[in-house]
2 protein chains.
Amino acid sequence: MTFNEFKQMAMISMEEICRDIFRENQKSIKIKKEAVAVKNLTNIFSTTLKLSNEKGFQTMSLRDLSRSSGLSMGALYSYFTSKEELLAMIQEQGRRLTRIILTRQVGHITDPREKLQAAVRTHLYLTEVMQEWFYFSYMEAKNIDKVQQKKAIESELATEQMFIDILEEGDKKGLFSVSDPVLTASVIKSMLQDWYVKRWKHSRRRISVDQYADFVIGFIESAVKVAKA
Amino acid sequence: MTFNEFKQMAMISMEEICRDIFRENQKSIKIKKEAVAVKNLTNIFSTTLKLSNEKGFQTMSLRDLSRSSGLSMGALYSYFTSKEELLAMIQEQGRRLTRIILTRQVGHITDPREKLQAAVRTHLYLTEVMQEWFYFSYMEAKNIDKVQQKKAIESELATEQMFIDILEEGDKKGLFSVSDPVLTASVIKSMLQDWYVKRWKHSRRRISVDQYADFVIGFIESAVKVAKA
DNA sequence: GTCTATAGTGCGATAGAC
DNA sequence: GTCTATCGCACTATAGAC
């Protein structure tokens, strides 16, 4: 799957997820017509991500959000009961997209070498498409309540566990040589995070997501001593 | 140099740097007696770092800082002219310590293999000792003004350039095999950053800074194909 | 369903007593 | 050199008109 194909697929999933948010938060959302609600929610989320990525969620006031989204303060409060709840809604749906897409794209692969490559590339594609959400989620992690924080940690460790499993499977089959799968998975994850956290750096250097993916895959394979095909 | 020796040295440098801040910011600082000023500045900085690491600099109010540091609001404003200036002062001095210590510990080494190892270990030791500052600096980078932001970027790229130089030198001498020194340096840096950004993860797994350093050095050396001694 | 107007709170910053 | 008291402002959140 090329990056452009991936992008289309992720966009469709994103729309579905916005609809899910609406349905699951109907107790907080005063608007009853789904078409109106989903349209405005999408607007609110993307504007929040844009503003928060510029100056942080705490620094962004709801007046800023009102001005940029074109919705009044009163209208905004028809979609959430507090600023904190808005943050939680956005975080939750991003986590959900991560889990769905990683499972769909990687879950069925059995060969550890292919699976490692697919996991790295899919993760990078995902964070490229959802760049704003991932950066937001990364930077605002400590501003959420304990319950949400626990979910964020679980989500992070679940992704890391996927890499641990792949590495252990490959080691067992004699395809990789991995002395410490936990630390190896951990540094792999740090390389993947760097793609969206330090995006200014990569974009200044004109590195595409596929270039970065190829490099990271090569780097990891050298380190875990995969024989080149 | 062991971690404990390093720690002592860094602590001494940190005291000197607090004195430097006082001397260079005497226009903003109303207090004239150096002993009093340095003592209170140290208190203000460490309390700010502690609170900001918990909930972010923007979220921390100066009333929080006043309560935790034991200094009144009025007293705080004897040491800086605005909350923003407090942020800038802390950032500046951390950058300075990074530059001084990396140069002192790594600059004189000529063998690329030794130099790579020393650079990785020194960087990890430094971020371990100054964990709160590095996390603060990393998370608050987008909340500072354009001038400070430019300095932060320059500082980051300077550290990365050090790794690029080491890798190119090693490649030239036939000690490493590095196809893309820029991206290689970039992923090395991401692994180093992970140590202080995801500290909760490493500390939960009971990984010491030396264990992490040994692992990262081994991982990089495998990837750039250094023959084991 | 969306708006404007405003209540109520807590902020950064300062003046002036000690 | 440090404190308390307070100013003016911008914020989150809500009530009620349309």
Side-chain angles (χ1 to χ4, degrees), chain A residues 18 21-23 25-45 47-48 51-52 54-90 140 143-145, chain B residues 18 21-23 25-45 47-48 51-52 54-90 140 143-145:
Chain A
C18 259
I21 300 186
F22 168 67
R23 288 177 185 161
N25 289 275
Q26 287 214 341
K27 61 180 189 306
S28 312
I29 298 172
K30 296 193 187 71
I31 314 305
K32 291 302 152 210
K33 278 158 75 178
E34 185 166 297
V36 178
V38 171
K39 177 176 143 286
N40 281 335
L41 266 183
T42 309
N43 178 7
I44 291 170
F45 290 165
T47 309
T48 303
L51 293 175
S52 297
E54 282 164 16
K55 53 182 180 178
F57 183 74
Q58 305 290 333
T59 312
M60 173 200 82
S61 71
L62 292 183
R63 282 173 167 80
D64 291 336
L65 180 57
S66 165
R67 205 177 312 113
S68 291
S69 66
L71 288 152
S72 68
M73 288 292 288
L76 288 180
Y77 273 92
S78 304
Y79 293 90
F80 46 79
T81 59
S82 72
K83 196 184 174 187
E84 202 187 347
E85 192 187 66
L86 169 62
L87 196 160
M89 274 161 73
I90 297 178
E140 307 300 339
N143 300 321
I144 54 182
D145 63 71
Chain B
C18 259
I21 301 188
F22 168 65
R23 287 177 186 158
N25 289 276
Q26 287 215 339
K27 62 182 188 304
S28 312
I29 297 174
K30 296 191 187 74
I31 313 305
K32 291 302 152 210
K33 277 157 76 179
E34 187 168 295
V36 178
V38 171
K39 175 177 143 285
N40 281 335
L41 266 183
T42 309
N43 178 8
I44 291 170
F45 290 165
T47 309
T48 303
L51 294 175
S52 296
E54 282 165 17
K55 53 183 180 180
F57 183 75
Q58 305 290 333
T59 313
M60 172 198 84
S61 72
L62 291 183
R63 283 173 170 78
D64 291 335
L65 179 58
S66 166
R67 205 177 311 114
S68 290
S69 66
L71 288 151
S72 68
M73 288 292 287
L76 288 179
Y77 273 92
S78 304
Y79 292 91
F80 47 79
T81 59
S82 72
K83 195 184 175 187
E84 202 187 347
E85 193 187 66
L86 169 61
L87 196 159
M89 274 161 71
I90 297 178
E140 306 300 339
N143 299 322
I144 55 183
D145 63 73

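The chains referred to below are lettered A, B, ... by the order of the sequence lines, with proteins before strands, and numbering in each begins at 1.
- Atom pair A:Leu71:CG and C:dT2:C1' shows a separation of 9 Å (rounding to whole Å applied).
- Put simply, CD1 on B:Ile29 is 12 Å from P on D:dT2, counting in whole angstrom units.
- Atom P of nucleotide C:dC11 and atom CZ of B:Phe57 are separated by 14 Å, given to the nearest angstrom.
- Under a 3.5 Å cut-off, the side chain of A:Ser66 and the backbone N or O of A:Leu71 do form a donor-acceptor pair.
- Rounded to whole angstrom, the span from the CZ atom of A:Arg67 across to the P atom of C:dT2 amounts to 20 Å.
- Among all heavy-atom pairs drawn from B:Cys18 and B:Phe45, the shortest one is SG-CD1, 4.0 Å.
- Within the structure, salt bridge (charged side-chain N to carboxylate O under 4.0 Å, His left out) contacts touching residues 61-90 of chain B (residues at least two apart or in different chains) are B:Lys55-B:Asp64, B:Asp64-B:Arg67.
- The CG-P distance, from A:Leu76 to D:dC11, rounds to 14 Å in whole Å.
- Taking the side chain as every heavy atom from C-beta outward, A:Ile29 and A:Leu41 approach each other to under 4.5 Å.
- Residue A:Asn40 has a polar side-chain atom (N or O) positioned under 4.0 Å from OP1 or OP2 of C:dT2.
- In this structure, B:Glu140 contributes its side chain and B:Gly56 its backbone to no donor-acceptor pair below 3.5 Å.
- Computed from coordinates, the B:Leu65 CG to C:dG10 C1' distance equals 16 Å when rounded to whole Å.
- Rounded to a whole Å, the CD1 atom of B:Ile31 is 12 Å from the C1' atom of D:dC3.
- In this structure, the CG atom of A:Leu51 is 16 Å from the C1' atom of D:dC11, given to the nearest Å.
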Scan nucleotides 12-18 of chain C nucleotide by nucleotide, 5' to 3', and note B when protein non-hydrogen atoms come under 4.0 Å of the base, S if they reach only the sugar-phosphate, - if neither. BBB----
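- Minimum atom distance to the side chain of A:Ser72 is reached by C:dC3, of the listed D:dC3, C:dC3, D:dG1.
- Looking at heavy atoms from C-beta onward, A:Met60 lies out of side-chain contact with A:Glu54 at the 4.5 angstrom threshold.
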